[in-house]
Structures are given as C-alpha cells and as structure tokens.
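The shown structure was predicted, so the numbers you read here are calculated from the model rather than taken from an experiment.
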Amino acid sequence: CMNSTGAGAQLVGEGSASVAADSLYFQVSQLPPGRFAMMVAGTADVNGGLGVPFGDGLLCTSGPSVSFGVQLANAAGELVYGPGLGGLGAFQPGTARYFQVIYRDPSAMSPCGLLFNSSNGVRVDLQQ
C-alpha cells in the first residue's frame with residue numbers, strides 16, 4: 001500500500017531458495033528514507049495471500065514467525081536483508097516461508113495516519 005513517498009514499499013527475493021547454499025537475500029525499495037524497518041518471516045500467509053488491514057497496509061504473514069532485525073532505510077529508501085538468513089530463520093528444506101517488511105512511516109503524509117506500513121509479501125519454497 002502507498003506510503004508517505006507516494007509509492008508502496010517493494011520487497012524482492014534474490015539468490016537461491018536452497019537451504020544448503022544459504023544465498024537468499026531480499027532487497028527492499030520505495031521505503032520512506034531514514035525510517036526503521038524490520039523483516040519478518042512467517043510459516044503461513046494471511047487470507048489466502050490477500051492479507052488483512054494492518055497499519056496503513058496489509059499483513060500478509062502469519063504463523064510462528066522470526067524477525068531479522070531492525071534496519072534503517074538509506075537516503076534512497078532502500079535496504080537489504082541477507083544473505084545468510086537460513087540459520088537465523090531455522091529454515092528447513094521442503095517448507096515455505098512468507099516474508100514481509102514492516103516499517104515506520106511517522107509522517108503527516110501517511111495515508112491512513114497509523115504511522116506504520118508494510119511491504120508486499122513474498123513466498124519462498126525452501127529447497128535442499
């Protein structure tokens with residue numbers, strides 16, 4: 001959903017879904033510059049992948065989840081998580097994980113005025 005920049009945060013997975021390679025990483029763009037963001041990975045999607053209202057956006061991940069820490073978006077509104085996420089997320093081959101970034105958007109331009117938003121969700125089917 002749109003944030004105070006006039007765009008919605010975009011989460012894109014890159015690298016391999018192989019647990020053994022552990023080269024999976026995520027690029028996040030179109031964040032409000034200089035704002036805190038946190039990537040989470042859940043074991044299920046929400047509402048068949050359509051999400052439910054959450055802050056100024058939609059919550060797309062559910063089930064037991066893990067956070068990959070808080071980062072600060074750079075001046076271009078970008079950041080990267082990974083590689084090397086497998087151990088942190090206890091990834092297991094043959095399972096799926098649902099990734100999403102939740103971020104602060106404490107601006108008067110925040111669409112709904114709820115001061116936080118989320119990126120799109122990304123499903124990754126983990127492999128050997």
Side-chain angles (χ1 to χ4, degrees):
C1 295
M2 185 172 35
N3 59 40
S4 61
T5 69
Q10 186 68 35
L11 177 66
V12 176
E14 302 283 341
S16 172
S18 165
V19 173
D22 202 12
S23 65
L24 182 64
Y25 68 97
F26 293 87
Q27 296 185 31
V28 191
S29 60
Q30 301 177 180
L31 291 164
R35 299 297 182 199
F36 290 106
M38 176 179 65
M39 188 172 75
V40 295
T43 57
D45 63 10
V46 175
N47 193 23
L50 299 175
V52 295
F54 181 70
D56 287 339
L58 298 171
L59 180 63
C60 299
T61 64
S62 70
S65 61
V66 63
S67 164
F68 294 97
V70 175
Q71 290 190 34
L72 195 63
N74 67 19
E78 302 169 338
L79 55 85
V80 175
Y81 280 93
L85 301 172
L88 299 171
F91 295 168
Q92 296 295 318
T95 63
R97 289 293 182 271
Y98 301 83
F99 297 86
Q100 185 170 30
V101 172
I102 300 165
Y103 59 95
R104 301 252 317 130
D105 194 11
S107 166
M109 303 290 289
S110 175
C112 300
L114 297 174
L115 310 180
F116 71 99
N117 205 329
S118 54
S119 71
N120 58 298
V122 173
R123 175 187 169 140
V124 175
D125 293 313
L126 300 168
Q127 304 165 2
Q128 186 64 34

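Contact check for V28 versus Y103: no side-chain heavy atoms found under the 4.5 Å cut-off. The side-chain heavy atoms of Y25 and L85, taken from C-beta on, include no pair separated by under 4.5 Å. The side-chain heavy atoms of S4 and N117, taken from C-beta on, include no pair separated by under 4.5 Å. S29 places a side-chain heavy atom less than 4.5 Å from the side chain of E78. Within the 4.5 Å cutoff, the side chain of L31 has no heavy atoms near those of the N3 side chain.
Residue F36 qualifies as open at atom CZ: its count of foreign heavy atoms under 6.0 Å is 12 or below.
Of all heavy-atom pairs between T95 and Q92, the closest is OG1-O, 2.6 Å. Counting all heavy atoms, side chain and backbone alike, L24 lies closest to E14 at CD1-O, 3.3 Å. The nearest pair of heavy atoms linking A17 to D125 is CB-O, 3.5 Å. The shortest non-hydrogen separation linking S118 to L58 is OG-O, 2.7 Å. Pairing each heavy atom of A90 with each of R97, the nearest pair is O-NH2, 3.9 Å. Between V80 and Q27, the closest heavy-atom pair is CG2-CG, 4.3 Å.
Y98 pairs by the ring-ring contact (aromatic ring centres under 6.0 Å, His included) definition with nothing, not counting sequence neighbours.
The hydrophobic cluster containing I102 also contains V70, counting ILVMFWY residues as joined when their side-chain heavy atoms lie under 4.5 angstrom apart, directly or transitively. The cluster map of Ile, Leu, Val, Met, Phe, Trp and Tyr, joined by side-chain heavy atoms under 4.5 Å apart, puts V124 and L11 in the same cluster. Under a hydrophobic clustering in which Ile, Leu, Val, Met, Phe, Trp and Tyr are joined whenever their side-chain heavy atoms come within less than 4.5 Å, directly or via other members, F116 and M2 fall into different clusters. V66 and V40 fall into different hydrophobic clusters, where Ile, Leu, Val, Met, Phe, Trp and Tyr side chains are chained together by heavy-atom contacts under 4.5 Å. In the hydrophobic clustering of ILVMFWY residues, with side-chain heavy atoms under 4.5 Å counting as a link, V101 and F91 come out together.
Put simply, the side chain of S119 never gets that close to the backbone of Q10: no donor and acceptor are under 3.5 Å apart. For Q100 (side chain) and C60 (main-chain N/O), a donor-acceptor pair under 3.5 Å exists by modelled atom type. Proximity of a side-chain donor or acceptor of N47 to a complementary backbone N or O of V52 within less than 3.5 Å is not detected. D105 places no side-chain N or O within donor-acceptor distance of the main-chain N or O of P32, the cut-off being under 3.5 Å. In this structure, D22 contributes its side chain and G86 its backbone to a donor-acceptor pair below 3.5 Å.
Identified under the side-chain hydrogen bond (donor to acceptor under 3.5 Å, both in side chains) test for residues 48-63, with sequence neighbours left out: D56-S110. Screening residues 65-75 for side-chain hydrogen bond (donor to acceptor under 3.5 Å, both in side chains) gives no qualifying pairs among residues at least two apart or on separate chains.
The six-membered or imidazole ring of F99 lies near that of F26, with a centre-to-centre distance under 6.0 Å.
Here the CG atom belonging to N120 is positioned 9.5 Å from the CD atom belonging to Q30, to the nearest 0.5 angstrom.
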